[in-house]
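No experiment lies behind these values; they were computed from the predicted model shown.
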Amino acid sequence: MHGVMGKPPGAAKDNIATSKVMLLMLVVMTGVAPISLYMLVPALPVLATTFGRDISIAQMTVSLYMVGIALSQLIMGPLSDRFGRRPVLLAGLGLMVVAGVGSVFAETLPQLIAARFFQALGGASGMVISRAIIRDLYPRERVGAMISLVVAALMIAQMVSPLTGGLLETAFGWRAILYLITAASLITTIFIALALPETRRDRAESSSFRGDLGKLMTSRAFVGYLLCQVLASQIIFAFAGGGPYIVVTQMGRTSAEYGAWFAMTGFGYFVGNLLCVRFAPRHSLEKLIWFGLALQVGGSLLNLVWSFTGVNQAPLWLFGTQMIVMIANAFVMANSAAGAISIRPEAAGTASGAMGFLQQGIGSLISQFGAYLGGHSTTTLPLTAAIFAISIACACTMIFVVPRRKVVVSEELIAQAEEDEQGMM
């Protein structure tokens with residue numbers, strides 16, 4: 001048995017890494033916060049009516065939830081480096097359970113908004129700490145594949161969570177959604193408490209958040225991978241912000257049709273993550289990023305050309321080409337995240353937290369910018385031009401910021417990676 005400051009023995013660590021239970025824990029801890037976010041979205045109009053407030057006030061149960069997710073990653077990541085993954089994760093999930101109980105008994109909309117904020121603050125600890133745990137358990141060249149595997153599994157749950165929320169609200173009322181979220185967070189906490197060992201590496205006693213962050217920010221490699229991952233994520237936020245206005249306002253289609261078309265991009269991202277898992281054992285992390293960047297720039301350029309010619313005023317062309325971008329995006333995001341948290345493995349929580357905070361914080365602004373471009377234009381050109389510009393900026397971080405690194409992928413590494421993958425699957 002090892003404590004918070006201990007490091008698991010090699011054999012035990014290998015058993016943990018190839019365990020299906022560990023994969024399930026990573027998926028659950030990563031997904032509990034975002035799934036809880038999407039599940040309540042269908043009930044927003046009912047919340048506004050129930051409490052006699054404007055829909056914009058009810059929307060704060062979502063917007064402040066996203067603020068909580070961003071702040072949580074900035075706080076929980078460094079704390080997990082200092083005190084260990086397990087205690088910080090359990091404290092965060094415990095806060096989510098308590099806040100969930102508060103949301104169930106909320107009598108006013110402000111009380112519900114406050115409870116939802118603390119739900120996110122606690123629950124999002126799993127999002128940031130899961131990436132740190134992956135770096136604790138796996139070698140650098142396997143981290144991207146494991147992140148992709150977790151995201152691929154998680155996306156299945158995220159796709160059905162709005163439908164689940166809508167069905168619960170229709171059948172039992174909106175509070176049934178909060179009961180389910182609270183029960184799920186409690187079960188997750190118990191599961192983690194019983195099954196998750198401490199994975200954090202040994203640290204020097206003099207290590208601190210300021211010291212870790214200072215060393216990370218003076219590393220060209222970390223800054224480059226960080227910017228690459230954050231910029232790649234902004235493609236998703238920009239398209240999600242502008243897409244509804246383009247489809248509904250410009251193309252005259254229904255919101256339900258937009259939802260169906262947008263699901264295509266989500267499916268593309270899902271496929272990209274599965275392909276990343278498949279290719280990772282045979283290719284270096286950098287090579288996978290370059291492949292993703294090339295495909296991402298090519299797909300966004302193609303959509304820009306379609307905008308100039310007017311072809312993608314039809315949803316099939318716009319979303320079909322964006323699907324290519326999203327397949328590429330999965331390669332870029334997973335592997336650049338792996339690169340960033342691998343610069344200082346003992347500070348993986350701090351690196352993961354900084355990355356998640358910037359991704360969510362900048363994403364809230366970019367989604368608004370995307371909505372402006374989609375809502376104040378008569379063509380798709382402004383939005384596709386912005387996405388192409390982000391793709392170019394993303395590629396530039398790898399060209400001009402990240403130092404070149406030669407990696408030889410040995411036969412032994414390939415065999416070990418394939419063995420790990422078979423154990424997981």
Determine yes or no for a side-chain-to-main-chain donor-acceptor pair under 3.5 angstrom, with D81 supplying the side chain and T350 the backbone. yes
Hey, is the main chain of I133 close enough, under 3.5 Å, to the side chain of T199 for a donor-acceptor pair? no
Show your reasoning for whether side chain to side chain contact (heavy atoms under 4.5 Å, CB included) applies to M22 and M146. CA-CA 11 Å; M22 175 55 72; M146 289 310 305; over 6 Å; no
For A238 and L383, work out which heavy atoms get closest and say how close. O-CD1, 3.5 Å
Within-4.5 Å side-chain heavy-atom neighbours: Y225 and L285: yes
Give the minimum heavy-atom separation between Q73 and A124, together with the two atoms involved. CG-O, 4.4 Å
Flag, side chain of S72 to backbone of G68, donor-acceptor distance under 3.5 Å: no
Determine whether a donor-acceptor pair (N or O, by modelled atom type, separation under 3.5 Å) exists between the side chain of N329 and the backbone of Q296. no
Using the benzene-type ring in the case of Trp, are the ring centres of F319 and F239 under 6.0 Å apart? yes
Would you say CZ of F267 has more than 12 non-hydrogen atoms from neighbouring residues, nucleotides or ligands within 6.0 angstrom? no
Closer than 3.5 angstrom, by distance alone: can the side chain of R200 be matched with the main-chain N or O of R86 as a donor-acceptor pair? no
So do V332 and C228 actually touch side chain to side chain, heavy atoms under 4.5 Å? yes
Between T61 (side chain only) and A58 (backbone N and O only), is there a donor and an acceptor less than 3.5 Å apart? yes
Steps toward side chain to side chain contact (heavy atoms under 4.5 Å, CB included) verdict (N273, L149): CA-CA 7 Å; N273 278 288; L149 190 60; over 6 Å; no
Contact check, side chains of M355 and Q360, non-hydrogen atoms, under 4.5 Å: no
Just checking, is any N or O donor in the side chain of Q111 or R116 under 3.5 Å from an acceptor N or O on the other one? no
Is it true that a side-chain atom of T182 and a backbone atom of G100 form a donor plus acceptor pair closer than 3.5 Å? yes
Do Q234 side-chain atoms and G363 backbone N/O form a donor-acceptor pair below 3.5 Å? yes
Assess the residue pair E286 and R140 against the criterion (salt bridge (charged side-chain N to carboxylate O under 4.0 Å, His left out)); give the C-alpha distance rounded to whole Å, side-chain angles, the decisive distance to 0.1 Å, and a yes or no. CA-CA 11 Å; E286 285 79 9; R140 181 180 187 271; 2.8 Å; yes
Is it true that the side chains of S80 and R85 contain a donor and an acceptor less than 3.5 Å apart? yes
Closer than 3.5 angstrom, by distance alone: can the side chain of Q119 be matched with the main-chain N or O of Y65 as a donor-acceptor pair? no
List, one per line, each side-chain donor-acceptor pair under 3.5 Å for residues 25-32, sequence neighbours excluded.
| unit_1 | atom_1 | unit_2 | atom_2 | d |
| --- | --- | --- | --- | --- |
| T30 | OG1 | L26 | O | 2.6 |
| T30 | OG1 | S130 | OG | 2.9 |

Side chain of R175, backbone of V104: donor and acceptor closer than 3.5 Å? yes
Determine, stepwise, if the pair T397 / V223 fulfils side chain to side chain contact (heavy atoms under 4.5 Å, CB included). CA-CA 9 Å; T397 62; V223 172; over 6 Å; no
Taking only residues two or more places apart in sequence or in another chain, which ones pass ring-ring contact (aromatic ring centres under 6.0 Å, His included) with F331? F291
Under 3.5 Å side-chain donor-acceptor pair for E257 and W261: yes
Answer yes or no: is there a side-chain heavy-atom contact under 4.5 Å between F270 and V151? no
Indicate whether any N or O donor in one side chain lies under 3.5 Å from an N or O acceptor in the other, for T384 and N303. no
